[in-house]
Amino acid sequence: MPKEETVSTIAPLRNVTRFCELLDRVMKRSYGLPGMACFYGPSGFSKTTSAIWARNKHRAYHVQVKSAWSRKKLCTALCTELGIEPAVTIADMVDDIGKELALSRRPLIVDEADYLVSKSMIELIRDIYESSLATVILIGEEQLPQKLKKFERIHGRMLDWVQAEAASITDAKHLARLYCRGIEIGDDLIEALLLASAGSARRICVNLDRVREAAETADKRKIGRADFAGEFFTGQPPMRRAA
């Protein structure tokens with residue numbers, strides 16, 4: 001891959017690689033093995049970014065569940081993503097979605113799957129899986145595997161569980177090339193920024209933007225820890241001021 005393409009994408013990030021490997025493994029599973037899997041981890045760990053990358057690479061269907069969705073809205077959104085006309089009833093939509101997945105042989109990625117559990121909609125995904133035997137990947141927060149234990153018919157159809165990991169120093173350096181183009185950031189500043197971000201790729205990007213702004217304000221093409229006088233964004237709310 002050309003250097004320019006590598007720098008301009010998020011492909012090398014650790015969790016993008018982990019998610020793509022998971023999707024490949026489930027898609028290439030041996031006959032008779034279950035076709036569902038779970039990718040889980042804290043907010044900000046590039047789970048959705050990983051899903052979007054994998055969607056483009058594998059032509060996967062991708063739906064991000066919203067907290068306000070009902071069973072019918074979930075099925076309607078899936079029909080829209082699959083390019084089929086929503087039927088009148090939920091049962092008919094589930095059948096149509098299953099048929100389309102079976103015919104297309106394309107994987108389905110369901111993001112924010114925690115909402116499916118909390119609103120008792122997870123069985124709809126099992127119905128769709130059973131009628132298609134397609135690859136289905138659920139993405140959610142840290143406790144999603146424990147939540148799914150309550151649903152044995154879902155839990156028992158999992159081929160694998162993969163946890164998103166905290167961003168590494170390599171991830172931080174790659175994101176620095178994306179968000180701070182033309183600026184050389186010292187290793188000491190990258191390490192301090194990574195520590196303050198607690199491994200969250202989202203916070204790393206926020207802090208890199210602060211570093212970029214500080215470097216441009218000071219007209220610097222190279223910046224280290226000693227040159228950065230700003231505060232890192234940690235995600236913690238500000239302390240209440242004393243009266």
Side-chain angles (χ1 to χ4, degrees), residues 18-41 47-48 50-141 143-164:
R18 289 176 64 80
F19 185 83
C20 287
E21 288 174 349
L22 172 64
L23 184 57
D24 282 334
R25 188 158 59 251
V26 182
M27 290 178 67
K28 296 175 182 177
R29 66 191 182 276
S30 299
Y31 177 79
L33 293 182
M36 298 186 71
C38 180
F39 188 63
Y40 63 98
K47 300 187 301 295
T48 297
S50 301
I52 292 171
W53 175 263
R55 178 193 66 188
N56 295 333
K57 180 181 179 182
H58 294 280
R59 297 181 63 244
Y61 297 115
H62 177 219
V63 170
Q64 189 167 6
V65 183
K66 304 295 191 299
S67 62
W69 280 12
S70 63
R71 290 161 58 88
K72 187 170 185 178
K73 175 58 180 177
L74 170 65
C75 291
T76 301
L78 285 167
C79 287
T80 300
E81 174 67 9
L82 272 62
I84 57 180
E85 186 69 24
V88 176
T89 68
I90 293 175
D92 286 337
M93 283 192 280
V94 168
D95 288 343
D96 291 343
I97 293 166
K99 290 176 184 176
E100 181 62 27
L101 285 173
L103 289 172
S104 69
R105 302 179 66 84
R106 292 163 62 180
L108 172 63
I109 301 170
V110 183
D111 205 347
E112 302 288 358
D114 300 81
Y115 291 132
L116 299 181
V117 177
S118 63
K119 305 194 77 172
S120 300
M121 297 192 294
I122 193 68
E123 289 289 355
L124 285 176
I125 300 300
R126 184 189 66 83
D127 290 339
I128 290 169
Y129 166 72
E130 289 292 344
S131 61
S132 65
L133 295 181
T135 293
V136 178
I137 311 293
L138 302 179
I139 299 178
E141 298 298 317
Q143 296 302 313
L144 181 58
Q146 283 68 41
K147 293 175 183 178
L148 291 175
K149 280 186 177 180
K150 300 176 182 178
F151 302 86
E152 176 55 33
R153 288 180 293 184
I154 292 287
H155 198 269
R157 286 164 173 79
M158 291 289 169
L159 181 69
D160 203 357
W161 310 83
V162 173
Q163 184 172 16

| Residues which pass side-chain hydrogen bond (donor to acceptor under 3.5 Å, both in side chains) with Thr48, listed by chain and number, not counting sequence neighbours | Asp111
| Interatomic distance, Ile125 atom CD1 to Leu74 atom CG [nearest 0.5 angstrom] | 5.0 Å
| What closest approach, in Å, do Tyr129 and Gly35 show between heavy atoms, and which atom pair accounts for it? | OH-N, 2.9 Å
| Considering all heavy atoms, the nearest Cys75-Leu124 contact | SG-CD1, 4.2 Å
| Rounded to the nearest 0.5 Å, how far apart are CD1 of Ile84 and CG of Asp96? | 5.0 Å
| said: Can a donor-acceptor pair be found, under 3.5 Å and without considering hydrogens, that links the side chain of Arg18 to the backbone of Gln163? | reply: yes
| From CG (Leu23) to CG (Asp160), nearest 0.5 Å | 12.0 Å
| note | Only one of Thr135, Val26, Val136 passes side-chain contact (heavy atoms from CB on, under 4.5 Å) with Leu159, and that residue is Val26
| query | For Ile109 and Arg55, which heavy atoms make the closest approach, and how far apart are they? | reply | CD1-N, 4.4 Å
| task | Looking only at non-hydrogen atoms, find the nearest pair between Leu22 and Cys38 and report the distance. | result | CD2-O, 4.0 Å
| Minimum heavy-atom separation for Met121 to Tyr115, with atom names? | CE-O, 4.3 Å
| said: Using side-chain contact (heavy atoms from CB on, under 4.5 Å), reason through Met158 and Leu138 one step at a time and then give a plain yes or no. | reply: CA-CA 10 Å; Met158 291 289 169; Leu138 302 179; 3.6 Å; yes
| Intermediate values then yes/no, side-chain contact (heavy atoms from CB on, under 4.5 Å), Ile154 and Val117 | CA-CA 11 Å; Ile154 292 287; Val117 177; over 6 Å; no
| request: Can you establish whether the number of heavy atoms outside Arg25 located under 6.0 Å from its atom CZ is more than 12? | output: yes
| said: I'd like to check Leu116 versus Phe151 (side-chain heavy atoms, cut-off strictly below 4.5 Å). Are they in contact? | reply: no
| said: Does Leu148 form a side-chain contact (heavy atoms from CB on, under 4.5 Å) with Tyr40? I'd like the steps, not just the answer. | reply: CA-CA 12 Å; Leu148 291 175; Tyr40 63 98; over 6 Å; no
| task | Please name all residues satisfying salt bridge (charged side-chain N to carboxylate O under 4.0 Å, His left out) with Asp95, sequence neighbours left out, ordered by chain then number. | result | none
| said: Using 0.5 Å steps for rounding, measure from the CZ atom of Arg105 to the OG atom of Ser132. | reply: 11.0 Å
| request: Please determine, by modelled atom types, if Arg59 and Ser104 share a side-chain donor-acceptor pair under 3.5 angstrom. | output: no
| field | Value rounded to 0.5 Å, distance of CD in Glu141 from CG in Leu144 | value | 9.0 Å
| field | Side chain Lys47, main chain Phe39, donor-acceptor under 3.5 Å | value | no
| field | Heavy-atom check, side chain of Glu81 versus side chain of Leu108, under 4.5 Å | value | no
| Pairwise salt bridge (charged side-chain N to carboxylate O under 4.0 Å, His left out) hits with a residue in residues 114-136, at least two apart | Asp114-Lys147, Glu123-Arg126, Glu123-Arg153, Glu130-Arg157
| Within the 6.0 Å centroid threshold, strictly below: Trp53 and His62 | no
| request: Flag the pair Tyr61 / Leu78 as yes when at least one side-chain heavy-atom distance between them is below 4.5 Å, and no otherwise. | output: no
| request: Nearest 0.5 Å please: distance from the CG atom of Leu101 over to the NZ atom of Lys99. | output: 13.0 Å
| said: Ignoring hydrogens, what is the shortest heavy-atom contact between Pro86 and Met93? Give both atom names and the distance. | reply: CB-SD, 3.8 Å
| Does some side-chain heavy atom of Trp69 sit less than 4.5 Å from a side-chain heavy atom of Val63? | yes
| said: Within the supplied structure, the quantity of interest is the number of heavy atoms (other residues, nucleotides, ligands) at a distance under 6.0 Å from Lys72 NZ; does it exceed 12? | reply: no
